[in-house]
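Every chain is numbered from 1, with letters handed out A, B, ... down the list of sequences.
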Protein chains: 2
Amino acid sequence: MTQTVDRALVILASLAEGPASLEQAANRIGVHKSTAMRLLRTLEEHGFVHRQPDYRYRLGGRLFSLAQLALESIDVRVVAAPHLAALNERCGHTVHLAVYEDGEVTYVDKLESRYPVRMYSRIGKRAALTASAVAKVLLADLPEARRREVAEALEFPAYTVRSIRTPEALLEELAQVRDQGWAVDRSEYEETVNCVAVPIRGIDGRVIAACSISTPTVVAPIGTLRRLVPQLLDTAEAVSLEYGGRTRS
Amino acid sequence: MTQTVDRALVILASLAEGPASLEQAANRIGVHKSTAMRLLRTLEEHGFVHRQPDYRYRLGGRLFSLAQLALESIDVRVVAAPHLAALNERCGHTVHLAVYEDGEVTYVDKLESRYPVRMYSRIGKRAALTASAVAKVLLADLPEARRREVAEALEFPAYTVRSIRTPEALLEELAQVRDQGWAVDRSEYEETVNCVAVPIRGIDGRVIAACSISTPTVVAPIGTLRRLVPQLLDTAEAVSLEYGGRTRS
DNA sequence: GGACACGTTGCGCCCAGTGCAACGGCTGCC
DNA sequence: GGCAGCCGTTGCACTGGGCGCAACGTGTCC
């Protein structure tokens, strides 16, 4: 829409690929270096980019604080926190909370496993749309047309031999998830990790978040994990109830 | 520098205070609502703001992914990670890594305590400049003039009864930190939490990061914490050595 | 059903963002 | 040690794009 801001945001995103000199940054977005400099200066004044001693630009600290505030403004997170903690306390496994937004599924909260083997993930990480249990739960709630649209636009990387590889297979899986009310990831993203996930619903019944338990196969085989689904459903229902009871301010 | 980008970033930052309608957002930065709309649309196209079903704008998911990439581009973090993990494994307490950038101290890595009582902190959180041990370590390395400048521009909130309250007291504390090579926070930020922190140095000997151990007083009194300083110093030295050995690409 | 509130759009003005070119400091090469 | 090349910076003139205004449309509340 507004050219100047657009360019500034493109240049900011381009810095995600790594630090860049003024001229590199200008070339990346195809503008004159003096233009790039003015944009970068403005971004720097606001702390969104940082200038290293070697004059190169990289992403700045303001992104951290804003990202943190963004997390806090997602209020399902606040409501869910104590319930997730209780679940984590009870079962001892890694617990995740994820939301869907504009075609992406993002982990917005995480509680670590008590077991020594931990999985790699981080708040802010994007979940694999075609493999993770949380993504299946969130995608399954989209309107049928939108679901098909999303499925057909996706790529289907072979994370493991069990990964879903076609839109049809994904849509079929999502239909099943809708039916049974929970989703599973059997080593579809990481060879050694299984997950189960369930939906958290808002006041209007729409799915607003997904909550999952993840375990390395060495700690808990898939059968053990399946037996945790009732606990997980209880947690999700508690969150849904508490969240739905609140009036949106 | 560039007015349009400046306004866009101000409006983005203003959303950190909470979601806003178009008109609210326009008022916050004092522009016509049509102007605000064009800015917000551009931000939305890039995922930096998100439009809720009720038409209000809030911070968007792109901030998460960019913040995460920003973290990864801080390479001291990569070097330090295994050393911090080893330290955390050995002592069992909460371990933090923090950096100084443009007048702010930010936690860029964290390992949780094994003990049930945990402290509130999060990657991306900004550390209290006048109270936290990591901030003391990082500020202590600034050139004398800059240190005085920063100290005099700061506010000195009374987080607890032990919090430092004047620029003079802070400067004196920083001088001591310089001398002894490590810093302590004795319930200066949270009544029930103590910390010790040490510097990690770059190839030129300047402090590039700080590493700390934090414990609730109920788990480890200040004396116990002090006895962990040698371990902490060993860790920091190992990181400094490994980091300094690398050539900056 | 009228009045209001709020998001949206078309328009014309003019200022602010743009590209150019010249400058200056730094590096390294002969 | 001087010259050449590189790269960040700055001043300037042009014009295109961002701006505020006002009219429109839609949904909501008395």
What's the closest nucleotide to the side chain of [X] if the choices are [options]?
X       : options               : result
B:Arg51 : D:dC12, D:dC19, C:dG7 : C:dG7
A:Lys33 : D:dC7, C:dC6, D:dC19  : D:dC7
B:Tyr57 : C:dT8, D:dC12, D:dT9  : C:dT8

Provide, to the nearest angstrom, the distance between the [atom1] atom belonging to [X] and the [atom2] atom belonging to [N].
X       : N      : atom1 : atom2 : value
B:Leu40 : C:dG7  : CG    : P     : 10 Å
A:Gln3  : C:dG19 : CD    : P     : 8 Å
A:Glu23 : D:dG5  : CD    : P     : 15 Å
A:Asn27 : C:dG19 : CG    : P     : 12 Å
A:Asp6  : D:dG17 : CG    : P     : 12 Å
B:Met37 : D:dC19 : CE    : C1'   : 15 Å
B:Ile11 : D:dG18 : CD1   : P     : 15 Å
A:Arg38 : C:dC15 : CZ    : P     : 18 Å

Judged by nearest nucleotide, the residue sitting upstream toward the 5' end of DNA chain D, A:Leu22 or A:Met1, is A:Leu22
Notebook entry, point to check: Mapping B:Gly30 and A:His32 onto DNA chain D by nearest heavy atom, which one lands closer to the 5' end?
Noted result: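 Its nucleotide being nearer the 5' end, the pick is A:His32.
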task = Find the distance between CG (B:Leu129) and CZ (B:Phe156) and round it off to the nearest 0.5 Å.
result =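 It is 9.0 Å, given to the nearest 0.5 Å.
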Does some side-chain heavy atom of B:Arg147 sit less than 4.5 Å from a side-chain heavy atom of B:Leu174?
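Counting from C-beta outward, B:Leu174 and B:Arg147 do come under 4.5 Å.
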With heavy-atom distances below 4.5 Å as the criterion, would you say the side chains of A:Arg41 and A:Arg38 are in contact?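 Counting from C-beta outward, A:Arg41 and A:Arg38 never come under 4.5 Å.
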Q. Relative to B:Phe64, does B:Arg62 satisfy both conditions: NZ or CZ under 6.0 angstrom from the six-membered ring centre, and within 45 degrees of the ring's axis?
A.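 Output no; distance or angle outside limits.
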Kindly say if [X] contacts the phosphate of [N], meaning a side-chain N or O under 4.0 Å from OP1 or OP2.
X       : N      : result
A:Arg41 : D:dT10 : yes
B:Thr4  : D:dG17 : no
A:Arg7  : C:dG17 : no

Do B:His96 and B:Asp109 have a side chain donor and acceptor closer than 3.5 Å?
->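 No - no donor-acceptor pair under 3.5 Å links their side chains.
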Exercise. Want to settle it: does B:Gln24 or A:Val31 sit nearer the 5' end of DNA chain C, counting the closest nucleotide to each?
Worked result: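 Counting from the 5' end, the first nearest nucleotide belongs to B:Gln24.
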Practice problem: Determine whether any donor atom in the side chain of A:Ser34 lies under 3.5 Å from an acceptor atom in the base of C:dG19, or the reverse, and answer yes or no. | Solution: yes
